[in-house]
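Whatever order the structure lists ligands and atoms in, that order sets their numbers, starting from 1.
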Amino acid sequence: VLAGGSTPRRAYELATDADWSGATLWFGDERCVPPTDERSNFAMAERALLARLATPPGTVHRIAGELGAEAAADSYENLLESAPPFDLVLLGIGPDAHTASLFPGKPAVLERDRLAVAVPEAGLEPLVERVTLTVTALANAREVMFLAAGTDKTGPVRRSFARDRAEQTPAAIVAEAAEAAGAEVTVVLDRDAAAGL
Ligand code: 6PG
(Lines give C-alpha, C1' and ligand atoms only; values in the text may rest on other atoms or scores of the structure.)
Protein backbone atom coordinates (compact mmCIF):
# COMPACT_ATOMS: atom_id res chain seq x y z
CA VAL A 1 0.00 0.00 0.00
CA LEU A 2 1.62 3.23 -1.17
CA ALA A 3 1.45 6.52 0.69
CA GLY A 4 0.68 9.79 -1.03
CA GLY A 5 1.90 13.26 -0.25
CA SER A 6 5.48 14.32 -0.97
CA THR A 7 7.67 12.54 1.60
CA PRO A 8 7.69 9.12 -0.07
CA ARG A 9 8.63 10.52 -3.50
CA ARG A 10 12.38 10.13 -2.98
CA ALA A 11 11.86 6.64 -1.53
CA TYR A 12 9.89 5.63 -4.64
CA GLU A 13 12.60 7.03 -6.93
CA LEU A 14 15.23 5.03 -5.04
CA ALA A 15 13.09 1.87 -5.23
CA THR A 16 12.89 1.85 -9.03
CA ASP A 17 15.84 -0.52 -9.24
CA ALA A 18 13.92 -3.26 -7.42
CA ASP A 19 11.89 -5.93 -9.19
CA TRP A 20 8.23 -4.91 -8.78
CA SER A 21 6.90 -7.37 -11.34
CA GLY A 22 5.41 -9.66 -8.70
CA ALA A 23 3.90 -6.88 -6.63
CA THR A 24 0.25 -5.95 -6.21
CA LEU A 25 0.01 -2.23 -5.45
CA TRP A 26 -2.73 -0.51 -3.49
CA PHE A 27 -3.07 3.08 -2.35
CA GLY A 28 -3.79 4.19 1.22
CA ASP A 29 -5.79 7.17 0.06
CA GLU A 30 -6.47 9.40 -2.92
CA ARG A 31 -7.67 12.85 -3.74
CA CYS A 32 -10.85 12.99 -5.85
CA VAL A 33 -9.15 14.48 -8.89
CA PRO A 34 -8.17 12.96 -12.27
CA PRO A 35 -5.17 10.59 -12.16
CA THR A 36 -3.19 13.08 -14.24
CA ASP A 37 -3.84 15.93 -11.78
CA GLU A 38 -0.73 17.06 -9.91
CA ARG A 39 -2.68 16.64 -6.64
CA SER A 40 -3.27 12.94 -7.35
CA ASN A 41 -1.36 10.49 -5.16
CA PHE A 42 -1.44 8.05 -8.07
CA ALA A 43 0.15 10.70 -10.32
CA MET A 44 2.99 11.14 -7.81
CA ALA A 45 3.62 7.37 -7.64
CA GLU A 46 3.35 7.13 -11.42
CA ARG A 47 6.01 9.84 -11.93
CA ALA A 48 8.37 8.74 -9.13
CA LEU A 49 8.04 4.96 -9.50
CA LEU A 50 5.68 3.31 -11.97
CA ALA A 51 6.76 5.16 -15.12
CA ARG A 52 10.42 4.41 -14.32
CA LEU A 53 10.08 0.65 -13.97
CA ALA A 54 11.37 -1.60 -16.76
CA THR A 55 8.74 -4.17 -15.73
CA PRO A 56 5.56 -2.76 -14.15
CA PRO A 57 3.98 -4.29 -11.04
CA GLY A 58 1.70 -7.27 -11.71
CA THR A 59 -1.36 -5.38 -10.54
CA VAL A 60 -1.92 -1.74 -9.65
CA HIS A 61 -5.22 -1.02 -7.91
CA ARG A 62 -5.71 2.71 -8.42
CA ILE A 63 -8.40 4.48 -6.40
CA ALA A 64 -10.61 6.00 -9.09
CA GLY A 65 -11.02 9.33 -7.31
CA GLU A 66 -12.36 10.95 -10.45
CA LEU A 67 -15.58 8.97 -9.93
CA GLY A 68 -16.30 11.01 -6.83
CA ALA A 69 -15.59 10.00 -3.25
CA GLU A 70 -18.59 7.77 -2.50
CA ALA A 71 -18.48 5.80 -5.77
CA ALA A 72 -14.69 5.48 -5.64
CA ALA A 73 -14.77 4.30 -2.02
CA ASP A 74 -17.48 1.73 -2.77
CA SER A 75 -15.64 0.25 -5.75
CA TYR A 76 -12.30 0.19 -3.90
CA GLU A 77 -13.93 -1.49 -0.93
CA ASN A 78 -15.23 -4.25 -3.22
CA LEU A 79 -11.64 -4.90 -4.29
CA LEU A 80 -10.34 -4.75 -0.72
CA GLU A 81 -12.87 -7.28 0.53
CA SER A 82 -11.12 -10.04 -1.45
CA ALA A 83 -7.60 -8.80 -0.68
CA PRO A 84 -5.20 -10.79 1.52
CA PRO A 85 -3.47 -9.00 4.40
CA PHE A 86 -1.04 -6.42 3.03
CA ASP A 87 2.67 -7.20 3.19
CA LEU A 88 3.58 -3.57 3.71
CA VAL A 89 1.53 -0.44 4.33
CA LEU A 90 3.45 2.80 3.81
CA LEU A 91 2.00 5.87 5.49
CA GLY A 92 2.95 9.49 5.89
CA ILE A 93 1.91 11.82 8.67
CA GLY A 94 0.52 15.28 8.23
CA PRO A 95 1.29 18.41 10.27
CA ASP A 96 -2.01 17.73 12.10
CA ALA A 97 -0.95 14.10 12.65
CA HIS A 98 -3.42 12.79 10.08
CA THR A 99 -2.40 9.71 8.14
CA ALA A 100 -3.78 8.53 4.82
CA SER A 101 -6.89 10.74 4.74
CA LEU A 102 -7.87 10.03 8.34
CA PHE A 103 -8.02 13.56 9.70
CA PRO A 104 -8.34 14.38 13.42
CA GLY A 105 -11.93 14.79 14.55
CA LYS A 106 -13.43 13.56 11.27
CA PRO A 107 -15.82 10.57 11.14
CA ALA A 108 -13.55 8.39 8.96
CA VAL A 109 -11.13 7.96 11.89
CA LEU A 110 -13.86 6.17 13.87
CA GLU A 111 -14.99 3.85 11.06
CA ARG A 112 -14.12 0.23 11.83
CA ASP A 113 -16.65 -1.80 9.79
CA ARG A 114 -15.86 -0.48 6.33
CA LEU A 115 -12.49 -0.87 4.57
CA ALA A 116 -12.59 2.29 2.45
CA VAL A 117 -14.69 5.40 2.92
CA ALA A 118 -15.33 8.78 1.35
CA VAL A 119 -13.90 11.84 3.09
CA PRO A 120 -16.13 14.71 2.00
CA GLU A 121 -14.09 17.33 3.86
CA ALA A 122 -10.32 17.02 3.93
CA GLY A 123 -8.77 18.49 7.06
CA LEU A 124 -5.85 20.00 5.17
CA GLU A 125 -4.86 21.20 1.69
CA PRO A 126 -5.62 20.10 -0.95
CA LEU A 127 -9.19 20.74 0.17
CA VAL A 128 -10.75 18.27 -2.24
CA GLU A 129 -12.83 15.22 -1.42
CA ARG A 130 -10.75 12.17 -0.59
CA VAL A 131 -11.05 8.40 -0.42
CA THR A 132 -9.22 6.69 2.42
CA LEU A 133 -8.60 3.23 3.69
CA THR A 134 -9.93 2.92 7.22
CA VAL A 135 -8.02 1.98 10.37
CA THR A 136 -9.33 -1.57 9.95
CA ALA A 137 -7.97 -1.86 6.41
CA LEU A 138 -4.62 -0.20 7.16
CA ALA A 139 -4.04 -2.40 10.22
CA ASN A 140 -4.58 -5.60 8.19
CA ALA A 141 -0.89 -5.92 7.38
CA ARG A 142 2.31 -7.75 8.20
CA GLU A 143 4.13 -4.42 8.48
CA VAL A 144 3.07 -0.78 8.71
CA MET A 145 5.79 1.79 8.04
CA PHE A 146 5.43 5.52 8.70
CA LEU A 147 7.78 7.88 6.84
CA ALA A 148 8.26 11.41 8.14
CA ALA A 149 10.90 14.07 7.55
CA GLY A 150 11.34 17.73 8.32
CA THR A 151 10.78 20.09 11.20
CA ASP A 152 7.05 20.43 10.46
CA LYS A 153 6.72 16.78 11.49
CA THR A 154 8.52 17.08 14.86
CA GLY A 155 5.26 17.90 16.65
CA PRO A 156 2.95 15.36 14.96
CA VAL A 157 5.57 12.62 15.37
CA ARG A 158 5.97 13.36 19.06
CA ARG A 159 2.20 13.57 19.55
CA SER A 160 1.75 10.25 17.75
CA PHE A 161 4.70 8.10 18.75
CA ALA A 162 6.15 9.39 22.05
CA ARG A 163 5.61 6.82 24.80
CA ASP A 164 4.25 9.53 27.14
CA ARG A 165 1.91 10.99 24.50
CA ALA A 166 -1.26 12.47 25.95
CA GLU A 167 -3.62 12.01 22.99
CA GLN A 168 -4.72 9.61 20.27
CA THR A 169 -3.84 11.09 16.90
CA PRO A 170 -5.01 9.29 13.75
CA ALA A 171 -1.43 8.09 13.16
CA ALA A 172 -1.26 6.73 16.74
CA ILE A 173 -4.64 5.03 16.32
CA VAL A 174 -3.48 3.29 13.13
CA ALA A 175 -0.17 2.28 14.73
CA GLU A 176 -1.87 0.83 17.79
CA ALA A 177 -4.53 -0.99 15.78
CA ALA A 178 -1.83 -2.47 13.55
CA GLU A 179 0.19 -3.67 16.55
CA ALA A 180 -2.95 -5.10 18.15
CA ALA A 181 -3.58 -7.01 14.89
CA GLY A 182 -0.06 -8.44 15.03
CA ALA A 183 1.62 -6.15 12.53
CA GLU A 184 5.15 -4.86 12.94
CA VAL A 185 5.06 -1.05 13.09
CA THR A 186 8.17 0.86 11.97
CA VAL A 187 8.56 4.63 12.07
CA VAL A 188 11.27 5.98 9.74
CA LEU A 189 12.29 9.55 10.59
CA ASP A 190 14.96 12.04 9.72
CA ARG A 191 16.69 13.85 12.58
CA ASP A 192 14.31 16.80 12.47
CA ALA A 193 11.14 14.72 12.55
CA ALA A 194 12.58 12.64 15.41
CA ALA A 195 13.67 15.65 17.48
CA GLY A 196 10.62 15.53 19.77
CA LEU A 197 10.99 11.88 20.79
C1 6PG B 1 -2.35 12.64 1.33
C2 6PG B 1 -1.40 11.69 1.96
C3 6PG B 1 -1.18 12.08 3.37
C4 6PG B 1 0.29 12.36 3.52
C5 6PG B 1 0.51 13.34 4.62
C6 6PG B 1 1.97 13.79 4.64
O7 6PG B 1 -3.14 12.22 0.49
O8 6PG B 1 -2.24 13.83 1.67
O9 6PG B 1 -1.68 10.39 1.80
O10 6PG B 1 -1.61 11.20 4.34
O11 6PG B 1 0.99 11.16 3.78
O12 6PG B 1 -0.32 14.47 4.37
O13 6PG B 1 2.20 14.45 3.43
P14 6PG B 1 3.68 14.97 3.09
O15 6PG B 1 4.52 13.74 2.90
O16 6PG B 1 3.50 15.74 1.79
O17 6PG B 1 4.12 15.82 4.24
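Looking only at heavy atoms of the protein, atom 17 (O) of ligand 1 is closest to Lys153 NZ, 2.5 Å. Of all protein heavy atoms, the one lying nearest to atom 6 (C) of ligand 1 is Ile93 O, 3.4 Å. For atom 8 (O) of ligand 1, the nearest non-hydrogen atom of the protein is Arg31 NH2, 2.9 Å. Among protein heavy atoms, atom 15 (O) of ligand 1 sits closest to Thr7 OG1, 2.6 Å. The nearest protein atom to atom 13 (O) of ligand 1, hydrogens excluded, is given as Gly5 CA, 3.9 Å; this is a heavy-atom distance. Of all protein heavy atoms, the one lying nearest to atom 11 (O) of ligand 1 is Gly92 CA, 3.3 Å. At the shortest separation from atom 12 (O) of ligand 1 among protein heavy atoms lies His98 NE2, 2.8 Å.
For the ligand labelled ligand 1, residue Arg130 lies inside the 4.0 Å heavy-atom shell. The shortest heavy-atom distance from Ala3 to ligand 1 is not under 4.0 Å.
In this structure, a donor-acceptor pair under 3.5 Å is absent between the side chains of Thr16 and Arg52. Between the side chains of Ser160 and Thr169, at least one donor N or O lies within less than 3.5 Å of an accepting N or O.
Of the options Asp96, Val128, Asp29, the smallest heavy-atom separation from atom 9 (O) of ligand 1 is shown by Asp29.
Here the side chains of His98 and Lys106 are not in contact, with every heavy-atom distance at 4.5 Å or above.
The two residues Ala116 and Thr134 come nearest to each other via the heavy atoms N-CG2, 4.0 Å. Residues Val185 and Ala175 share a closest heavy-atom pair of CG2-O, 3.6 Å. Tyr76 approaches Phe27 most closely through the heavy-atom pair OH-N, 3.0 Å.
Applying the salt bridge (charged side-chain N to carboxylate O under 4.0 Å, His left out) test to residues at least two apart or on different chains, the pairs with a partner in residues 55-77 are Arg62-Glu66, Asp74-Arg114, Glu77-Arg114.
Here the side chain of Asn41 pairs a donor or acceptor atom with the backbone of Gly5 at under 3.5 angstrom.
Those atoms of ligand 1 that come under 4.0 Å of a heavy atom in Gly4, given as number and element, are 2 (C), 9 (O), 11 (O). Those atoms of ligand 1 with a heavy atom of Asn41 less than 4.0 angstrom away are 1 (C), 7 (O), 9 (O).
Residue contacts with ligand 1 for Leu124 are absent, since no atom lies close enough (heavy atoms, distance under 4.0 Å).
Among the atoms of Ala100, some N or O lies under 3.5 angstrom from an N or O of ligand 1.
Remark: Asp87 pairs with Arg142 by the side-chain hydrogen bond (donor to acceptor under 3.5 Å, both in side chains) rule, at least two apart or across chains.
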